[in-house]
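Heads up, the thing below is written out as structure tokens.
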Amino acid sequence: AKSKGGNNTVYFSRDMEEEITRKVEMEAHLRRAVEKRELFIAFQPILHIQGQSLIGCESLLRWQHPTWGLIPPGEFIPLAEETGLIHDIGKWVLVESCIQLKEWLDQEAGEFYISVNVSARQFQHPTFLNDVEEALAISGLPAEYLCLELTETIMLHDAAHTIEAMKSLAGLGVKLAIDDFGTGYSSLSYLKHLPLHILKIDRSFVQNMSDHTPDVAIVQSISTMGKGLKMKVVAEGVETPGQLELLKELGCDFAQGFLIERPMSLEKMNIFLKKMHLV
Ligand code: C2E
Ligand code: CA
Ligand code: CA
Ligand code: CA
């Protein structure tokens with residue numbers, strides 16, 4: 001931290017130096033993480049609210065480092081984006097997610113989709129469409145079971161390229177979702193130009209819902225808009241039975257959150273599927 005006093009520049013540069021060293025070190029470790037099989041996927045179920053059934057699950061990346069322990073994505077995804085490592089890591093998540101869902105479908109684990117997060121930089125990459133095609137080909141997963149979660153920030157980049165790329169992806173048959181919907185400061189006009197299937201209401205709105213907050217009106221409006229646009233609406237971050245009940249009344253389609261299940265290891269997800277009588 002920069003403190004008052006004559007030698008504050010020394011502290012400041014030392015902190016920066018440490019920060020840079022830490023980043024360089026982390027980057028080197030992250031570079032090897034895929035090969036060393038330190039990355040794994042946690043699965044979080046998405047519930048069909050009316051039917052009380054499993055409709056999908058989201059892949060959430062985790063890094064189990066041998067000495068640093070479990071590192072959450074918020075700590076290494078930004079670094080992966082900065083360094084371009086996100087392309088290899090993102091490809092790995094895509095392939096693994098498709099292979100895993102195909103395996104569950106083959107075990108007749110009901111019918112549900114897998115939702116994979118795609119960062120803006122990964123999406124902009126010229127090989128991204130090809131990566132998705134390859135993941136589908138390698139796994140044998142039919143395209144309609146794959147959903148890609150994009151954020152509104154992709155619209156801030158090259159809008160023309162974004163629209164073209166999304167149309168090509170939709171042409172493959174994959175589903176497209178807007179993640180953290182409502183937090184991106186972008187205009188709503190893009191909704192009518194894009195082949196979108198799912199809107200994910202950011203958990204900040206869901207968690208602030210109570211009788212006297214504007215959040216209820218926001219969640220209701222997004223749900224209504226989703227219906228009008230023939231999109232499904234997912235509420236994220238559902239933690240209480242009261243929230244789930246309210247979401248049902250407001251006409252929201254799907255729910256995801258700690259109330260239903262936390263993100264789980266493959267082992268726990270298999271137990272969950274058994275418990276749901278899906279395998
Ligand atoms: P996100 O896509 O918005 O994912 C939802 C986050 O909310 C996850 O955090 C999840 O564990 C957490 N969450 C789920 N239900 C609840 C709840 O009821 N309450 C609360 N408080 N939190 C809940 P996680 O796993 O730490 O992931 C953080 C972010 O990292 C994700 O946010 C996503 O932006 C990014 N991320 C994760 N995996 C990947 C990946 O494979 N690729 C890319 N590009 N980004 C990823
Ligand atoms: Ca997401
Ligand atoms: Ca989200
Ligand atoms: Ca988020």
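Hydrogens, waters and symmetry mates are skipped; everything else that's a heavy atom, side chains included, is used. Each ligand, and each atom within it, is numbered from 1 in the order the structure gives.
- In N117, the parts holding a heavy atom less than 4.0 Å from any atom of ligand 1 are both the side chain and the backbone.
- Per-residue contacts place R62 under 4.0 angstrom from the following atoms of ligand 1 (heavy atoms of the residue considered): 11 (O), 24 (P), 25 (O).
- For the 3.5 Å distance criterion, the side chains of E111 and Y145 qualify, holding a donor opposite an acceptor.
- Judged purely by distance below 3.5 Å, without hydrogens or angles, the side chains of E58 and N117 pair a donor atom with an acceptor atom.
- Counting heavy atoms closer than 4.0 Å to ligand 1, residue Q207 contributes side-chain atoms (C-beta onward) but none from N, CA, C or O.
- Here D180 has side-chain heavy atoms under 4.0 Å from ligand 1, and that is the only part of it that gets that close.
- Residue V93 approaches ligand 1 through these ligand atoms, each under 4.0 Å from one of its heavy atoms: 41 (O).
- The shortest separation from a heavy atom of Q256 to ligand 1 is not under 4.0 Å, leaving the residue out of contact.
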Just list the side-chain donor-acceptor pairs under 3.5 Å for residues 162-173, sequence neighbours left out, or say none.
{"unit_1": "T162", "atom_1": "OG1", "unit_2": "I154", "atom_2": "O", "d": "3.2"}
{"unit_1": "T162", "atom_1": "OG1", "unit_2": "D158", "atom_2": "O", "d": "2.9"}
{"unit_1": "S168", "atom_1": "OG", "unit_2": "E164", "atom_2": "O", "d": "3.1"}

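- Of all the heavy atoms of I77, the ones lying under 4.0 Å from any atom of ligand 1 belong exclusively to the side chain.
- Around atom CD of E19, more than 12 heavy atoms belonging to other residues, nucleotides or ligands sit under 6.0 Å away.
- Residue contacts with ligand 1: E81 is excluded, as none of its non-hydrogen atoms falls under 4.0 Å.
- Listed by atom number, the atoms of ligand 1 under 4.0 Å from V238 heavy atoms are 18 (O).
- Contact annotation: N117 places an N, O or S atom under 3.0 Å from the Ca ion (ligand 2).
- Every residue two or more places apart in sequence or in another chain that forms a side-chain contact (heavy atoms from CB on, under 4.5 Å) with E38 is listed here: A33, K36, W63, H65, P66.
- The backbone and the side chain of S119 each have at least one atom closer than 4.0 Å to an atom of ligand 1 (non-hydrogen atoms only).
- An N or O contact shorter than 3.5 Å is missing between Q122 and ligand 1 by distance.
- Within D180, the N, O or S atom lying nearest to the Ca ion (ligand 3) carries the name OD1.
- Between R31 and E27 there is a salt bridge, since at least one side-chain N of the basic residue sits less than 4.0 Å from a carboxylate O of the acidic one.
- Contact annotation for D179 and ligand 1: only side-chain heavy atoms (C-beta onward) come within less than 4.0 Å of the ligand.
- Between the Ca ion (ligand 3) and the N, O or S atoms of E236, the shortest distance is to OE2.
- With ligand atoms numbered from 1 in the order given, ligand 1 contributes 17 (C), 18 (O), 19 (N), 20 (C), 21 (N) to contacts under 4.0 Å with heavy atoms of E239.
- Shown here for E152 and D180, the closest heavy-atom pair between the two residues is OE2-O, 3.6 Å.
- Using a 4.0 angstrom heavy-atom cutoff, R262 does not count as in contact with ligand 1.
- In this structure, P263 counts as a contact residue of ligand 1, since one of its heavy atoms falls inside 4.0 Å of the ligand.
- Looking at E149, its N, O or S atom nearest to the Ca ion (ligand 2) turns out to be OE1.
- The CD1 atom of I218 lies 8.0 Å from the OG1 atom of T213; values are rounded to the nearest 0.5 Å.
- For E58, the N, O or S atom closest to the Ca ion (ligand 2) goes by the atom name OE2.
- In this structure, the side chains of I89 and L30 come closer than 4.5 Å at one or more pairs of heavy atoms.
- Of the listed options A235, P72, P73, P73 places a heavy atom closest to atom 36 (N) of ligand 1.
- W104 places a side-chain heavy atom less than 4.5 Å from the side chain of Q100.
- Classification of R203 and E239 as a salt-bridged pair fails, no side-chain N sitting under 4.0 Å from a carboxylate O.
- Judged by the shortest distance from any of its heavy atoms, G237 lies inside the 4.0 Å radius around the atoms of ligand 1.
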Discussion item. Between E82 and K23, is the salt bridge (charged side-chain N to carboxylate O under 4.0 Å, His left out) condition met? List the steps.
Written reply: CA-CA 11 Å; E82 240 174 81; K23 257 190 169 172; 3.0 Å; yes

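- If you check each of R203, E236, Q44 against atom 6 (C) of ligand 1, the one with the closest non-hydrogen atom is R203.
- Within D179, the N, O or S atom at minimum distance from the Ca ion (ligand 3) carries the name OD1.
- At a heavy-atom cutoff of 4.0 Å, ligand 1 is contacted by no atom of K200, backbone or side chain.
- Considering only heavy atoms from C-beta on, L94 comes within 4.5 Å of L148 through its side chain.
- One finds the CD atom of Q50 at 5.5 Å from the NZ atom of K248 (value rounded to the nearest 0.5 Å).
- Atom-to-atom distance recorded for T151:OG1 and I178:CD1 is 7.5 Å, nearest 0.5 angstrom.
- Annotation: F258 places an N or O atom under 3.5 Å from an N or O atom of ligand 1; distance criterion only.
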